[in-house]
Amino acid sequence: MIFTILTLFPSLFESPLNESLIKKARDRGILDFNIVNVRDFALDQHKTCDDYPFGGGAGMVMKVEPILGAMRHVEQQMGGRPHFTLLTPHGRLFSQDVASGMARRNHVVLICGRYEGVDERISSYIDDEISIGDYVLSGGEAAALVVIDAVARLVPGVIGNEQSSMDESFRESLLEYPQYTRPQCINDLEVPSVLLSGNHEEIRRWRRKESIRRTILRRPDLMDRFTASQEDRRFIREIMEELGE
Ligand code: ADE
């Protein structure tokens, strides 16, 4: 899978895309990154990429033409028109489902906005607008890295054969169950004894119930989307009793 990133700050991507899982996937040819400097496509000799907002107001607005130039360059590089996504705080909200959809593409192009926003007319040229959350970053670069990380781990081969249970649990809209490793006791904090029992069925049941408990306590909104089995419904009743409800 190829990620193309259109940015005014290419160096922001150097270290994050050269470490850990992503680095290994690049070395194995599963992922490829194409970083395009939008400034190279500015039209004037000063390489201007921002300008004052029409109508006045604070801050600068990112110009359309350098981004369009960079998009045309990518189309020529790839020999076709790829799917273009703009990172912006007013895009649709990124989620595990959006990540799964993107992971099915061969080529994802992420356009990082900067300054106080991008000239609205960019919307006529792009296919999707994504926000990673209800807060304002100083640019789309950090958001693009979040998207790349979440999408890359869904690409077959990036995290090995076995998809981690964390992705599985989010697919089901449950939070991950608590995990423990050695030592067995830290400052009187013990690992739950069931995890040391070797009884796989009891461990499975405990983990399932703790996933549900954590979701009820921390993200009750996710429970609306959760389809509970008969066993899950029993766990929910037990948890509610334990919580004194
Ligand atoms: N650019 C600035 N803030 C952003 C956000 N929350 N998501 C995506 N891109 C952004």
Side-chain angles (χ1 to χ4, degrees), residues 1-17 19 21-22 31 33-42 47-71 73-74 82-105 107-155 166-167 170 173 175 218-219 221-222:
M1 170 173 204
I2 306 175
F3 287 95
T4 291
I5 303 151
L6 272 51
T7 174
L8 287 170
F9 298 93
S11 61
L12 283 177
F13 293 88
E14 272 163 27
S15 152
L17 300 181
E19 298 283 350
L21 282 178
I22 292 188
L31 296 180
F33 293 91
N34 175 31
I35 315 280
V36 177
N37 190 344
V38 170
R39 200 171 295 284
D40 292 343
F41 300 89
K47 301 280 170 203
T48 311
C49 289
D50 63 327
D51 208 337
Y52 295 98
F54 277 122
M60 300 295 271
V61 177
M62 201 162 159
K63 292 165 75 62
V64 168
E65 303 101 304
I67 302 178
L68 286 183
M71 288 167 68
H73 167 74
V74 173
H83 192 263
F84 291 106
T85 299
L86 176 70
L87 280 318
T88 163
H90 47 257
R92 69 189 174 113
L93 205 53
F94 189 59
S95 65
Q96 194 67 28
D97 283 346
V98 176
S100 304
M102 292 176 100
R104 285 193 277 274
R105 298 188 181 280
H107 186 194
V108 168
V109 184
L110 300 173
I111 305 172
C112 305
R114 272 271 152 180
Y115 307 109
E116 303 302 305
V118 182
D119 185 316
E120 185 62 25
R121 290 168 290 185
I122 192 67
S123 302
S124 307
Y125 299 93
I126 57 168
D127 305 293
D128 200 1
E129 300 188 30
I130 284 181
S131 162
I132 62 157
D134 292 335
Y135 37 80
V136 181
L137 304 167
S138 40
E141 283 77 6
L145 285 167
V146 167
V147 169
I148 290 165
D149 194 292
V151 172
R153 55 186 292 113
L154 299 176
V155 174
M166 218 193 277
D167 298 334
F170 237 108
S173 60
L175 298 182
R218 299 187 189 178
R219 291 291 307 278
D221 56 300
L222 292 180

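In listed order, ligands and their atoms are each counted from 1.
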Ser123 side chain to Glu120 backbone, donor-acceptor under 3.5 Å: yes
side-chain contact (heavy atoms from CB on, under 4.5 Å) against Asp40, all qualifying residues, sequence neighbours excluded: Asn37
One line per pair, note the atom names and distance for all nitrogen or oxygen contacts under 3.5 Å between ligand 1 and the protein.
unit_1, atom_1, unit_2, atom_2, d
ligand 1, 3 (N), Leu137, N, 3.0
ligand 1, 6 (N), Gly133, O, 3.2
ligand 1, 6 (N), Tyr135, O, 2.8
ligand 1, 7 (N), Ile132, N, 3.0
ligand 1, 9 (N), Thr88, N, 3.2

Polar side chain donor-acceptor pair, Thr85 to Glu129, under 3.5 angstrom: no
Ser131-His90 side chain donor-acceptor pair, cut-off 3.5 Å: no
Minimum-distance pair of heavy atoms, taken over all atoms of Asp128 and Arg92: OD2-NH2, 2.7 Å
Plane angle bin for Phe33 and Phe3 - parallel if under 30°, tilted between 30 and 60°, otherwise perpendicular: parallel
